[in-house]
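Down below is the structure, laid out as structure tokens.
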Amino acid sequence: MSADKLWITWAGMALLALIPILIQVFELPVFYTEMFCRIMILALAAMSLDLILGFGGMVSFGHAVYLGIGSYTVGIFSFYEIDNGFIQFPATLVICGIFALLIGMMSLRTSGVYFIMITLAFAQMVFFLGISLEEFGGDDGMPVYRSEFGGWIDLNDPLSFYYFVFAILLLLLFLCHRIIHSRFGMVLQGCKSNEARMQALGFPTYRYKLAAFVISGMICGIAGALFANWNEFVSPAIMHWTRSGDLLIMVILGGMGTLFGPVLGTVLFLLLEEYLPEWMDALLFPGAGEHWMGVMGPLLILLVLFARGGIHSLLGRLRIRNG
Amino acid sequence: MAEILLKTEKLTKSFGGLVAISELSMEVEEGEIHAVIGPNGAGKTTLIAQLSGSLRPDSGSIFFQNQDITQLPEYRRSSLGLARSFQITSVLQNFSALDNVALAVQAQAGHSFRFWSKARKATDLREPALNVLEKIGLSERVDVPASSLSHGEQRQLELAMALATRPKMLLLDEPMAGMGVEESQRMVEVLAELKGTHTLVLIEHDMDAVFALADRITVLVYGQSIACDTPPNIRSNPEVRKAYLGEGEESSETFVDE
């Protein structure tokens, strides 16, 4: 049962569409456009995680691995001087799909805490694989040239890059919206609600969950490919396990079981990550900003305790109160 | 004699040292209501779980329409026409009543690897689901989330979901558990209506319902069948009385459940 309030999605996307324009009107540095571009890329990753977490009940604690694989796909193509995005992006989909299939096939034989641990274990394996790839920079990573799209889209132009990411986010939000409400989506949500019942009804639940796991991994891979482009650099740090934790926080913060909630969660999380240290330095004492997690942590606990549906449900309640 | 729809041969299942079902052989004829009764812990739910496929027997075999289904996974059995309801209500709580039943229809309407068109707009799912809900007496409550239905309504929904998979045989695990008198009566009526069109294996503690509905009754004690006969014969069977009432209470006139 999708709890998405469509007006929140429309309002949020409209705002994201306007941001570069507002930045130009107020003559703010282009840095802000780039910052929101990064936010949208990671929002895409968080949304892909919520597809299996919020709708399928699968707590993947290794979702950053697909960010990593997507990044490295673009990175390695770039290393061999194949910069064509029309090759890189489909290849990312295929490679992330294969990895998600293999990881999912094994992980989905378990459930609960074991599922969490085994997805983490696979992510760590790929993380250390990244470190061992001396040719591609190992621990230090390697630079990446931005993808080229035959002159159609110039990713070196911040504005083009921004709207390229925006278009992909919009497209995938719509795609996931259709998936959630399709027959497949109903089965997926049924598995989250009561898997034993779904099996008794005659659904081979393993296959459906695996398919969702693969779709989620592929979408996250696209986010990874975009991230490598944004960063012009790729290193194993992108798939560190703390990044998987960040993705979980973004989803929970924004509202599990909604598609746009994770986008909101990502915006809040990354803006806090950016500005909380500055505010703390200014308001408390110089150097206080280093301990921004000390404020972030309690904030997260408060949100989980008092707004179980995250920011999305807070906004939803706002609307009801105002009529 | 009617055809045998379901048959078990020397079915055995134990949990650690506890033997739940011991070399049980039974037959269910097509079209009958076959009740399974027995004291608590006799292995009734374990039997249903093995018939439906959520538990595998340690040994023995299960035949459905003369096909050995002992090793078939649960979802394959339900596509053959075996449907199960649960003793502890097992519906999809955050789905509406209609969504629950439509999903049951969907389970037998081909694969669900369909990612685009809206499932809630699919008339081939919604209409059969509405028909089942009407039959079961929930047509006023179709849009209510399952979690907001009363206990009795959830039991009805449970049965509606099993029915919506269009089964040949229904395995009903205490459909009247925890129901009030009126709700029970309504459920007995619904089950009586199914007689003839469906074959039912019915586990129930409500003896009035069992004796009113059943064509034959199997009595399970410690995982073994001690009797399988028509209701009047079961009522007068001394071994059954002993199992239920304990020794030294022969004077008891009517058959009562504990």
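No hydrogens, no waters, no symmetry mates; every other heavy atom, side chains included, goes into these values. Labels below follow one simple rule: chain letters A, B, ... track the order of the sequence lines, proteins then strands, and each chain is numbered from 1.
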CZ-OG distance between B/Phe113 and A/Ser182, expressed to the nearest 0.5 angstrom: 11.0 Å
Toward chain B, the part of A/Tyr206 with a non-hydrogen atom under 4.5 Å: neither
B/Gln106 versus chain A, the contacting section by heavy-atom distance below 4.5 Å: both
Over 12 foreign heavy atoms within 6.0 Å of CZ, B/Phe15: yes
Ring center gap for B/Tyr75 and A/Phe203 short of 6.0 angstrom: no
From CG (B/Asn100) to OG (A/Ser193), nearest 0.5 Å: 7.5 Å
Within 6.0 angstrom of B/Ile88 CD1, more than 12 heavy atoms from elsewhere: no
B/Arg56, CZ atom: more than 12 neighbouring heavy atoms under 6.0 Å: yes
Side-chain ion pair, A/Arg183 and B/Asp124, N-O less than 4.0 Å: yes
Close side-chain approach of B/Leu92 and A/Met198, heavy atoms under 4.5 Å: yes
Chain A contact via B/Thr165 - which portion, at a heavy-atom distance below 4.5 Å: side chain
Check: B/Gly53 main-chain N/O paired with A/Gln199 side-chain donor or acceptor under 3.5 Å: no
Residue selection (most heavy-atom pairs with chain B, distance under 4.5 Å) from A/Ala200, A/Pro204, A/Ala211: A/Pro204
Test item: B/Asn94 and A/Lys192 side chains (from C-beta on) under 4.5 Å apart, heavy atoms: no
A/Leu175 and B/Phe115, any side-chain heavy atoms less than 4.5 Å apart: no
Mutual orientation of the aromatic rings belonging to B/Trp116 and A/Phe174 [parallel < 30°, tilted 30-60°, perpendicular > 60°]: perpendicular
Within 6.0 Å of CZ in B/Arg186, more than 12 heavy atoms from elsewhere: yes
Leading residue by heavy atom contact count with chain A [cutoff under 4.5 Å; candidates B/Ser52, B/Ser78, B/Ser79]: B/Ser78
Separation between NE2 of A/His177 and NZ of B/Lys118, rounded to the nearest 0.5 Å: 4.5 Å
Side chain / backbone / both / neither for B/Ala83 at chain A, heavy atoms under 4.5 Å: neither
Approximate separation, where rounding is to 0.5 Å, of A/Leu201 CG and B/Ser90 OG: 8.5 Å
A/Met106, CE: over 12 other non-hydrogen atoms inside 6.0 angstrom: yes
Rounded distance [0.5 Å steps], CD in B/Glu74 versus OG1 in A/Thr205: 9.0 Å
Any B/Asp99 side-chain heavy atom under 4.5 Å of A/Met186 side chain: yes
Within-4.5 Å side-chain heavy-atom neighbours: A/Arg207 and B/His111: no
A/Asn194 and B/Gln93: CA distance, side-chain angles, deciding distance, side chain to side chain contact (heavy atoms under 4.5 Å, CB included) verdict: CA-CA 8 Å; A/Asn194 190 340; B/Gln93 293 289 346; over 6 Å; no
Side chain to side chain, B/Glu158 and A/Arg197, heavy atoms closer than 4.5 Å: yes
